[in-house]
Amino acid sequence: MDIFQGLSPEIRTFIMAMMPVIELRGAIPYGVSQGLSHLSAYIISVIGSTAPVPLIILFFRPITSLLVKNKYFSKFVKFVVDKTLREQSKIKKFGLFGLFVVVAIPLPGTGAYTGSFLSSLLKFRIAYALPIIALGNAAAGLLVLALTYGIGQVF
């Protein structure tokens, strides 16, 4: 059963961009493959992957505090927190610019979710973290477009 059946390519791309791990790195190529223009796929994917950021920043620590006490979730939560904290040295060394870099580099283990988790764990104010993560997301999207479709085709 296809859960995306009946949804427009724009909505499917938006939902895909909101998914952890996939984020805009997978959503942009997906959107273009579904007939969206490069610009449309980029904009929809950046908005989609940025949409969960405020909720993650606000609720990641309280939710992990609850789940770490549960025998079914504690190992997974500890894994996510440990994996996220491996990136914290960049943040502590370079501050918000480090956060931007962690989000902007389109490699596994980076992105809006990782940046949001770090912002929450390091207790960054949402007013500072959200714009930096959004800018990092926009930069990552441009890199994905350029790497996937070539600079000449994108611009």
Side-chain angles (χ1 to χ4, degrees), residues 1-5 7-31 33-34 41-148:
M1 183 174 143
D2 183 7
I3 60 170
F4 290 129
Q5 188 175 10
L7 298 176
S8 70
E10 293 85 359
I11 298 294
R12 291 192 310 257
T13 301
F14 183 84
I15 291 169
M16 184 171 282
M18 290 179 67
M19 293 181 178
V21 182
I22 297 172
E23 298 185 38
L24 58 70
R25 290 145 182 84
I28 290 172
Y30 174 79
S33 77
Q34 296 300 301
Y42 169 78
I43 291 170
I44 291 166
S45 296
V46 169
I47 293 169
S49 62
T50 305
V53 169
L55 294 173
I56 296 168
I57 293 172
L58 293 172
F59 297 113
F60 182 69
R61 278 186 300 128
I63 289 172
T64 56
S65 295
L66 288 174
L67 292 178
V68 80
K69 296 173 187 171
N70 182 298
K71 67 180 180 178
Y72 300 109
F73 294 107
S74 65
K75 277 189 175 183
F76 177 71
V77 170
K78 288 177 185 175
F79 169 77
V80 170
V81 170
D82 290 344
K83 186 169 175 39
T84 302
L85 289 176
R86 284 187 219 135
E87 299 290 333
Q88 86 175 349
S89 63
K90 293 176 189 135
I91 307 296
K92 286 186 174 181
K93 185 174 182 180
F94 298 107
L96 290 175
F97 179 73
L99 179 61
F100 171 83
V101 170
V102 165
V103 176
I105 297 175
L107 294 172
T110 65
Y113 273 83
T114 301
S116 300
F117 294 157
L118 281 166
S119 296
S120 181
L121 292 172
L122 298 175
K123 300 178 183 174
F124 283 179
R125 292 187 54 164
I126 193 168
Y128 299 120
L130 180 58
I132 295 298
I133 292 170
L135 285 171
N137 238 355
L142 289 175
L143 287 170
V144 168
L145 276 175
L147 292 171
T148 306

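What you see is a predicted model, and the numbers here were worked out from it, not measured in a lab.
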Once side-chain hydrogen bond (donor to acceptor under 3.5 Å, both in side chains) is applied, what residue pairs with a partner in [range] remain, sequence neighbours excluded?
{"range": "residues 99-108", "answer": "none"}
{"range": "residues 126-138", "answer": "Ser49-Asn137, Thr50-Asn137"}
{"range": "residues 99-108", "answer": "none"}

Set of side chain to side chain donor-acceptor pair (under 3.5 Å) partners for Glu10, sequence neighbours left out: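 Partners of Glu10 by the side chain to side chain donor-acceptor pair (under 3.5 Å) criterion, ordered by chain and then number, come out as Ser8.
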Holding to side chain to side chain donor-acceptor pair (under 3.5 Å), I want the full list of residues that pass it with Ser45, two or more places apart in sequence or in another chain. none
To check you understand the geometry: which heavy-atom pair defines the closest contact between [X] and [Y], and what is its length?
{"X": "Ala139", "Y": "Ala104", "result": "CB-CB, 4.0 Å"}
{"X": "Gly48", "Y": "Phe14", "result": "CA-CE1, 3.4 Å"}
{"X": "Lys78", "Y": "Val68", "result": "CE-CG2, 3.7 Å"}
{"X": "Ala27", "Y": "Ile22", "result": "N-CG2, 4.1 Å"}

For a 4.5 angstrom cut-off between non-hydrogen side-chain atoms, does [X] reach [Y]?
{"X": "Phe124", "Y": "Ile132", "answer": "no"}
{"X": "Thr64", "Y": "Val80", "answer": "no"}
{"X": "Asn70", "Y": "Leu66", "answer": "no"}

Considering residues at least two apart in sequence or located in another chain, which fulfil the side-chain contact (heavy atoms from CB on, under 4.5 Å) criterion with [X]?
{"X": "Leu55", "result": "Phe59"}
{"X": "Pro54", "result": "Ile126, Leu130"}
{"X": "Ala140", "result": "Leu24, Arg25"}
{"X": "Ser33", "result": "Tyr30"}

For residues 71-112, pull every pair meeting ring pair (Phe, Tyr, Trp, His ring centres under 6.0 Å), keeping only residues two or more places apart or in separate chains. none
Among Thr13, Leu142, Val144, side-chain contact (heavy atoms from CB on, under 4.5 Å) partner for Tyr42: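 Passing option: Leu142.
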For a quick test of your reading: what N or O donor-acceptor pairs under 3.5 Å do the side chains of residues 112-122 make, sequence neighbours left out?
unit_1: Tyr113; atom_1: OH; unit_2: Met18; atom_2: O; d: 2.5
unit_1: Thr114; atom_1: OG1; unit_2: Gly109; atom_2: O; d: 3.2
unit_1: Ser116; atom_1: OG; unit_2: Ala112; atom_2: O; d: 2.7
unit_1: Ser119; atom_1: OG; unit_2: Gly115; atom_2: O; d: 2.8
unit_1: Ser120; atom_1: OG; unit_2: Ile57; atom_2: O; d: 3.2
unit_1: Ser120; atom_1: OG; unit_2: Arg61; atom_2: N; d: 3.4

Value rounded to 0.5 Å, distance of NZ in Lys93 from CD in Gln88: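 Atom-to-atom, Lys93:NZ and Gln88:CD are 14.0 Å apart.
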CD1/Ile91 to CG/Leu96 distance, rounded to the nearest 0.5 angstrom? 8.5 Å
Where do Phe60 and Val81 land on the side chain to side chain contact (heavy atoms under 4.5 Å, CB included) test, with the steps shown first? CA-CA 10 Å; Phe60 182 69; Val81 170; 4.2 Å; yes
Any chance you could lay out the side chain to side chain contact (heavy atoms under 4.5 Å, CB included) test for Ile28 and Leu145, step after step, and finish with the verdict? CA-CA 7 Å; Ile28 290 172; Leu145 276 175; 3.5 Å; yes
